[in-house]
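Numbers here simply count residues along the sequence, with the first being 1. These values consider heavy atoms only, across backbone and side chains, with no hydrogens, waters or symmetry-generated copies.
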Amino acid sequence: MNFELSEEHQAFADSVARFAQDKLSAGALARAHSQHYPWDTAALLAKQGLLGIAFPEADGGQGGTLMHAVLAIQQVALVCPKSADIVQAGNFGPIRTFVEYATAEQKARFLPDLLAGRKLIALGMSEPDAGSAVTELKTSARLDGDHYVINGSKVFSTHSPEAELFLIYVRFGPGVDGIGSVLIERGTPGFQVGEPSNFMNGEQWAQLYFEDCRIPAANLLLGPGGFKKQISGFNVERLGNASRSLALGRYCFNLAREHALIRKQFGRELCEFQGLQWKFADMTMKLEQAQLMLYRAALEGEHGLPSAQSTAMAKLACNEAGWFVANEALQVMGGMGFSQEALVEYCLRRIRGWMIAGGSIEMLKNRIAEGVFEKSFSQRPPKAATV
């Protein structure tokens, strides 16, 4: 059993690291604190082949693997945390589900602009009354001739203020088997993107409203019964979340380590104090443990989609490790860590959001327990017995 990256994987990671250092290091602080999507950086990443890394070449992708995508997003995040969001959007987010299940006509219509970094696709999954309990969603799709009529609303949609295409979870009928998804373009009559709201991670998300919104039947992505396929694609999105959580934690670790080597108090470098040495020992352990779980899930998806169990464990480990390390790094750096002149506080805020988005840490633990006992545990109250 070899715990090191293969020669090919290491060479790929090194090449992405060199590109990031050369092209993304300058301006990293400004990008992080801007609320605008960095379209110029997206075009640069697309030109470098860092969008669509694991997508088939026939679809305009790079023909790589999920492991390549994980390595890329981490290497970019270690230099410019904000730019890693672009790698996420072009590899792990709803675009992955789209590539997995879209028709040839849908791919021809939308993929060229998405993979060139000219447009974004956003996910509409959560609703005001359906967050972790996503199968309780109410947004409906009714077939009317050669169109679907959509009614309902969505919340907490990443990139919603900028996206041109939206992958929307909808209900065609009752139960889990009645759930599927459709593609809706910005500007479609009956579809309104609400005013953006500000969130702790520095992002803005907008609520999505659908009122008798008519879309062509050709915009159907997955019909009734498609929910399980959608969630399988969503597992890959979780790995993008996990990769960024861990990489941003490591970014903070690197800054804190450098600070501890050169900062002096009481006539000694900070790294000379045993209390801080133990902090770095704890941080290193958590980073390395989570990294192995992430790589395991990514390698599992080399020739398909990773399992729900592996992605749940990887996301949980990376979320918790990233949060712990970023928080400890901030403490080590004191006022500089707390300042917006460094990116430690930014990374801490971003990681905290990922502990909720893409499956909260509590729901991930539930999923892991189901794998342990090889049975499903309903979170809903038991039905009252009939007399």
Side-chain angles (χ1 to χ4, degrees), residues 88 92-98 100-101 121-142 148 150-160 163 165-184 191 194 197 199 203 205-210 213 220-242 305-316 319 353-371 375-381 383:
Q88 166 78 10
F92 296 93
I95 194 172
R96 178 61 189 246
T97 304
F98 175 82
E100 200 74 31
Y101 300 114
I121 179 172
L123 179 67
M125 178 191 288
S126 296
E127 297 184 1
D129 295 319
S132 294
V134 66
T135 54
E136 295 181 2
L137 66 88
K138 297 176 182 177
T139 298
S140 63
R142 173 177 57 84
Y148 283 99
I150 314 299
N151 282 283
S153 64
K154 298 290 181 180
V155 294
F156 307 142
S157 175
T158 303
H159 298 312
S160 46
L165 181 65
F166 296 80
L167 194 164
I168 304 296
Y169 281 39
V170 294
R171 180 172 295 287
F172 297 96
V176 174
D177 289 339
I179 298 174
S181 55
V182 296
L183 302 167
I184 303 180
F191 171 36
S197 297
F199 289 83
E203 292 187 336
W205 302 335
Q207 191 158 349
L208 311 178
Y209 303 94
F210 308 95
C213 176
L220 175 71
L221 184 65
L222 286 167
F227 179 73
K228 290 183 179 179
K229 289 183 177 180
Q230 291 171 185
I231 290 298
S232 294
F234 189 64
N235 283 332
V236 177
E237 181 166 359
R238 285 177 169 169
L239 289 189
N241 174 312
L305 297 175
S307 72
Q309 185 75 353
S310 291
T311 53
M313 290 193 294
K315 183 179 183 296
L316 177 62
N319 284 168
W354 294 326
M355 298 172 80
I356 301 170
S360 69
I361 56 175
E362 292 80 13
M363 293 301 292
L364 294 172
K365 289 179 180 179
N366 291 343
R367 179 63 189 84
I368 293 167
E370 290 180 341
K375 63 182 294 184
S376 221
F377 297 107
S378 175
Q379 302 303 309
R380 293 178 174 83
K383 294 181 180 178

What's the separation between atom [atom1] in [X] and atom [atom2] in [Y], rounded to the nearest 0.5 Å?
X    : Y    : atom1 : atom2 : value
R238 : N235 : CZ    : CG    : 5.5 Å
I368 : K315 : CD1   : NZ    : 10.5 Å
H159 : L123 : NE2   : CG    : 11.0 Å
L167 : F98  : CG    : CZ    : 8.5 Å
L222 : L183 : CG    : CG    : 9.0 Å
E362 : N366 : CD    : CG    : 8.5 Å

Evaluate the side-chain proximity of [Y] to [X]: yes if any heavy-atom separation is below 4.5 Å, no if none is.
X    : Y    : result
M125 : P94  : no
I184 : Y148 : no
F199 : T158 : no

Tell me the closest heavy-atom pair linking [X] and [Y], and the distance in Å.
X    : Y    : answer
R367 : A312 : CG-CB, 4.1 Å
S157 : A122 : OG-CB, 3.7 Å
L239 : P306 : CD1-CG, 3.9 Å
T97  : F234 : OG1-N, 4.0 Å
R96  : F92  : CB-O, 4.0 Å
L137 : R171 : O-NE, 2.9 Å

I would like to know whether F172 and V182 meet side-chain contact (heavy atoms from CB on, under 4.5 Å); could you show each step before the answer? CA-CA 11 Å; F172 297 96; V182 296; 4.2 Å; yes
Taken in chain and number order and not counting sequence neighbours, the residues that satisfy ring pair (Phe, Tyr, Trp, His ring centres under 6.0 Å) with F210 are F191
Got a donor-acceptor contact below 3.5 angstrom from the Y101 side chain to the K229 backbone? yes
Backbone of L221 reached by a side-chain donor or acceptor of S181 within 3.5 Å: no
Please list all pairs meeting side-chain hydrogen bond (donor to acceptor under 3.5 Å, both in side chains) that have one or both residues in residues 123-135, counting only residues at least two apart or in different chains. E127-T139, E127-K154, T135-R380
Would you say CZ of F227 has more than 12 non-hydrogen atoms from neighbouring residues, nucleotides or ligands within 6.0 angstrom? yes
